Amino acid sequence: METIPAYKAQTQLQKILKKAEWLPVIITRKGRPASVVISIDEFDYSERVKLKVIKDNAEKGTLSQLNNSYVDGEQFFDDISRGVYDAKC
């Protein structure tokens, strides 16, 4: 992964786009990561993964309703954001 300061990124967009086809490129502002440029394939994959996680979590919520183990909706979404329902690898 390459890191490029924002002031350089302004003049090297074509170079950054070419590199981002293969690896993410981090753009920094004042020495801190501010953005990441990724390929469209990587973006699409990321979006599919997020959608799968959301669907899986919604399915688990539905199953808990079927088993009469109801959970408060707000608590359920808090649990999702904390990774309670994430698959363990």
Side-chain angles (χ1 to χ4, degrees):
M1 208 175 321
E2 185 167 343
T3 301
I4 299 175
Y7 72 89
K8 282 188 179 180
Q10 292 174 339
T11 61
Q12 299 180 8
L13 181 59
Q14 291 302 319
K15 181 180 173 183
I16 291 168
L17 292 175
K18 195 68 155 168
K19 287 182 180 186
E21 290 177 11
W22 303 103
L23 292 170
V25 178
I26 297 173
I27 310 294
T28 61
R29 192 176 297 136
K30 298 181 182 178
R32 302 182 76 184
S35 299
V36 177
V37 180
I38 58 174
S39 70
I40 193 66
D41 291 338
E42 187 69 23
F43 175 77
D44 288 342
Y45 175 77
S46 173
E47 291 299 301
R48 285 193 311 272
V49 168
K50 286 192 284 186
L51 183 58
K52 181 173 179 2
V53 168
I54 289 169
K55 285 181 177 179
D56 289 349
N57 288 334
E59 187 174 302
K60 288 175 186 174
T62 301
L63 289 174
S64 71
Q65 288 178 345
L66 292 174
N67 294 328
N68 291 325
S69 56
Y70 293 101
V71 177
D72 174 65
E74 191 170 322
Q75 179 66 47
F76 177 70
F77 285 106
D78 287 344
D79 288 347
I80 288 174
S81 64
R82 289 194 335 265
V84 170
Y85 302 107
D86 291 351
K88 306 298 182 216
C89 298

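Any value given below was found using the heavy atoms of this structure, including those in side chains, with hydrogens, waters and symmetry copies removed. The structure displayed is predicted, hence computed values, not measured ones.
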Applying a strict under-4.5 Å side-chain criterion to I, L, V, M, F, W and Y, I'd like to know whether Val25 and Trp22 cluster together. no
Working to the nearest 0.5 Å, report the span between NZ of Lys52 and CG of Asp56. 3.5 Å
Return the CZ to CG distance between Arg48 and Asp44, rounded to the nearest 0.5 Å. 6.0 Å
Would you check, one step at a time, whether the test side-chain contact (heavy atoms from CB on, under 4.5 Å) holds for Thr3 with Ile27? CA-CA 6 Å; Thr3 301; Ile27 310 294; over 6 Å; no
If you measure from NZ on Lys8 to CG on Leu13, what distance do you get to the nearest 0.5 Å? 15.5 Å
Looking at Asp78 and Arg82, is any side-chain nitrogen of the basic one under 4.0 Å from a carboxylate oxygen of the acidic one? no
What distance separates Thr28 OG1 from Ile4 CD1, expressed to the nearest 0.5 Å? 9.0 Å
Identify which one of Val36, Ile26, Leu23 satisfies the side chain to side chain contact (heavy atoms under 4.5 Å, CB included) criterion when paired with Met1. Ile26
Rounded to the nearest 0.5 Å, what's the gap from NZ on Lys30 to OH on Tyr7? Could you check? 14.5 Å
CD/Gln14 to NZ/Lys19 distance, rounded to the nearest 0.5 angstrom? 13.5 Å
Any idea which heavy atoms bring Pro24 and Ile38 closest together, and the distance? CB-CG2, 3.9 Å
